[in-house]
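Here the structure comes first, spelled out in structure tokens, and everything after it is commentary.
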Amino acid sequence: PDGNLEFLGRNDDQVKIRGYRIEPGEIVARLCEHAWVREAVVVARQNGAGDKHLIAYVVCAPEAGADEGDGGGVAGTLRAHLSARLPDYMVPSAFVQLAALPL
């Protein structure tokens, strides 16, 4: 009513990490190109020091053949897959393997 505009935030899912604007959906699209990935979600999380990091949550297809307790092989494979397709700043720092995405 008084003519002032109030900024409520971004209308998209972009996040800013270490000076780079990142669209998590683009990372998800590249992850889902891999044969081992059935579903994926990428989010930006803030650690205790206030730094933001990308975390990828993935539901693997049965052919991934990784045990739930040892996701290191899957994480390394997915990290290499993304590194070949995306800039380093868009590769998640952690990969969390889930049985299913919570809905």
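The first residue in the sequence is number 1, and the count goes up from there.
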Problem - Any residue meeting side chain to side chain contact (heavy atoms under 4.5 Å, CB included) with R21, in chain and number order, not counting sequence neighbours - result: R10, Q14, K16

Completion exercise
When every non-hydrogen atom of Q97 is compared with those of C60, the smallest separation belongs to NE2-SG, 3.6 Å

Problem - Sequence neighbours excluded - ring-ring contact (aromatic ring centres under 6.0 Å, His included) pairs with any residue from residues 15-34 - result: Y20-Y89, H34-W36, H34-H81

Practice task
State, with a plain yes or no, whether a side-chain heavy atom of P24 is found less than 4.5 Å away from one of V43.
Solution key: no

Problem - Inter-residue atom distance L82.CG - I27.CD1, 0.5 Å rounding - result: 7.5 Å

Exercise for the section: Report the distance from atom CG of L101 to atom CZ of R38, rounding to the nearest 0.5 Å. Expected result: 9.0 Å

Check residues 48-59 and write down every donor-acceptor pair under 3.5 Å in which the side-chain atom is one partner and the other belongs to a residue at least two apart or another chain.
residue: H53; atom: NE2; partner: N47; partner atom: ND2; Å: 3.3

Fill in the blank from the handout: dist Q46:CD -> I17:CD1 (nearest 0.5 Å) comes out at 10.0 Å

Fill in the blank from the handout: Shortest non-hydrogen pair, V91 vs S83, comes out as CG2-OG, 3.9 Å

Handout entry: Distance (rounded to the nearest 0.5 Å) between I22 CD1 and D13 CG
Key = 13.0 Å

Practice task
Answer yes or no: is there a side-chain heavy-atom contact under 4.5 Å between E23 and V15?
Solution key: no

Problem - Any residue meeting side chain to side chain donor-acceptor pair (under 3.5 Å) with E39, in chain and number order, not counting sequence neighbours - result: none

Problem - With E33 via salt bridge (Lys or Arg N to Asp or Glu O under 4.0 Å) - residues at least two apart - result: R30, R85

